[in-house]
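Contents: one structure, followed by commentary.
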Amino acid sequence: MERIYLDHAGTTPMHPKVMEAMQPYFREKFGNPSSLHTPGQEAAQAVAEARASLAELLDVAYPDEIVFTSGGTESDNTAILGTLFALKKKGNHIITSAIEHHAVLHACQFLEKQGLAKVTYLPVDSTGLVDPEDVKKAIGEKTVLVTIMHANNEIGTIQPVAEIGAICRERKV
């Protein structure tokens with residue numbers, strides 16, 4: 001029986017071109033890029049080149065703005081905690097939806113329990129859609145982050161992120 005894999009949101013097979021490009025680092029050129037020895041420095045150079053290529057592709061002014069993480073959960077946590085701590089002088093209010101991925105919900109709940117953030121969990125309609133008007137109403141003076149997933153990983157709802165983003169830009173969030 002042929003296998004049909006439908007969890008590409010969780011894990012996706014490596015693209016053949018990426019696999020080919022990575023083979024030297026899997027087999028011969030592996031090294032800790034934080035080490036001072038030659039294999040480590042070769043790995044550090046490869047990471048720097050990858051960062052520069054991505055920065056150019058994404059039109060990022062400073063390659064150091066590209067941060068590599070181990071996956072989605074670490075990325076979500078870094079974005080949420082990093083934003084909150086970077087903007088702590090402005091406020092500590094986060095807006096999210098009630099059906100976000102656990103990586104987002106658990107980070108928000110942790111921050112609430114520690115007394116570091118006030119979180120508004122927006123409701124969704126019967127199709128899992130966030131109403132942009134609810135976002136607009138929830139934004140306050142101390143709001144520093146609105147985190148709404150683009151496409152729900154369980155029910156597939158596509159959120160109106162362009163509209164939500166416009167609201168956030170208008171309100172300087």
Side-chain angles (χ1 to χ4, degrees), residues 5-15 18 22 33-34 47-48 50-125 127-173:
Y5 184 77
L6 299 175
D7 192 19
H8 286 271
T11 302
T12 301
M14 193 175 292
H15 190 281
V18 174
M22 289 302 300
S34 297
V47 170
R51 182 173 280 116
S53 293
L54 280 172
E56 185 176 339
L57 178 72
L58 299 171
D59 196 26
V60 172
Y62 304 102
D64 288 349
E65 293 178 305
I66 302 291
V67 177
F68 296 114
T69 64
S70 64
T73 297
E74 184 181 357
S75 296
D76 289 340
N77 280 253
T78 299
I80 294 166
L81 276 69
T83 300
L84 183 70
F85 294 144
L87 300 176
K88 65 184 173 188
K89 288 182 181 174
K90 179 185 179 197
N92 68 342
H93 180 229
I94 297 171
I95 298 169
T96 192
S97 84
I99 62 166
E100 292 301 301
H101 189 278
H102 283 153
V104 171
L105 290 176
H106 290 171
C108 290
Q109 291 162 354
F110 169 80
L111 291 167
E112 276 186 302
K113 285 179 186 172
Q114 297 299 313
L116 298 171
K118 180 183 181 310
V119 182
T120 298
Y121 299 92
L122 298 176
V124 296
D125 68 14
T127 66
L129 199 64
V130 171
D131 184 342
E133 284 300 313
D134 287 345
V135 174
K136 188 181 280 188
K137 291 174 192 168
I139 293 175
E141 286 182 24
K142 294 187 180 245
T143 304
V144 294
L145 177 65
V146 174
T147 175
I148 306 291
M149 68 169 60
H150 182 250
N152 187 279
N153 59 304
E154 293 182 8
I155 59 175
T157 302
I158 307 295
Q159 299 294 346
V161 293
E163 190 176 347
I164 292 169
I167 292 166
C168 292
R169 278 188 297 283
E170 177 185 299
R171 303 289 294 276
K172 308 271 192 264
V173 174

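- If you take CG on L129 and CG on L122, they are separated by 11.5 Å, rounding to the nearest 0.5 Å.
- No more than 12 heavy atoms of other residues, nucleotides or ligands sit less than 6.0 Å from atom NZ of K88.
- The two residues A107 and I80 come nearest to each other via the heavy atoms CB-CD1, 4.1 Å.
- In this structure, Y62 places its OH atom where only 12 or fewer heavy-atom neighbours from other residues, nucleotides or ligands lie under 6.0 Å away.
- N152 places no side-chain N or O within 3.5 Å of a backbone atom of G128 that could act as its donor or acceptor partner.
- What you find for I66 and L54 is that their closest heavy atoms are CG2-CD1, 4.2 Å.
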Inset, instruction - Starting from the C-alpha separation in whole Å, work towards a yes-or-no answer on side chain to side chain contact (heavy atoms under 4.5 Å, CB included) for M149 and V130. - result: CA-CA 10 Å; M149 68 169 60; V130 171; over 6 Å; no

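- For the atom pair H102 NE2 and Q109 CD, the distance stands at 8.0 Å (nearest 0.5 Å).
- Residues N153 and H101 come closest through the heavy atom pair ND2-CD2, 3.5 Å.
- The line from CG of N92 to CG of L87 is 11.0 Å long, rounded to the nearest 0.5 Å.
- Rounding to the nearest 0.5 Å places CD1 of I94 at 11.0 Å from NZ of K118.
- Of the inter-residue distances, the one linking D76 atom CG with L81 atom CG reads 11.0 Å to the nearest 0.5 angstrom.
- Among residues at least two apart or in separate chains, there is no side-chain hydrogen bond (donor to acceptor under 3.5 Å, both in side chains) pair with a member in residues 160-173.
- Nearest approach of I167 to V135, heavy atoms of both residues: CG2-CG1, 4.5 Å.
- Annotation for P63 and A55: closest pair CA-CB, 3.7 Å, computed over non-hydrogen atoms.
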Legend entry - Criterion side chain to side chain contact (heavy atoms under 4.5 Å, CB included) on F85 and L116, from CA distance to verdict: CA-CA 9 Å; F85 294 144; L116 298 171; 4.3 Å; yes

Legend entry - Working for side chain to side chain contact (heavy atoms under 4.5 Å, CB included), residues H93 and V144: CA-CA 6 Å; H93 180 229; V144 294; 5.9 Å; no

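- Under a 3.5 Å cut-off, the side chain of T73 and the backbone N or O of A103 do not form any donor-acceptor pair.
- Here the shortest heavy-atom pairing between L105 and A98 reads CD1-O, 3.9 Å.
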Inset, instruction - Test side chain to side chain contact (heavy atoms under 4.5 Å, CB included) on V119 and T96 and set out the steps. - result: CA-CA 7 Å; V119 182; T96 192; 4.0 Å; yes

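- Between T157 atom OG1 and H150 atom NE2 the span is 11.5 Å, to the nearest 0.5 Å.
- With no hydrogens or angles considered, no side-chain donor-acceptor pair links E56 and S53 at under 3.5 Å.
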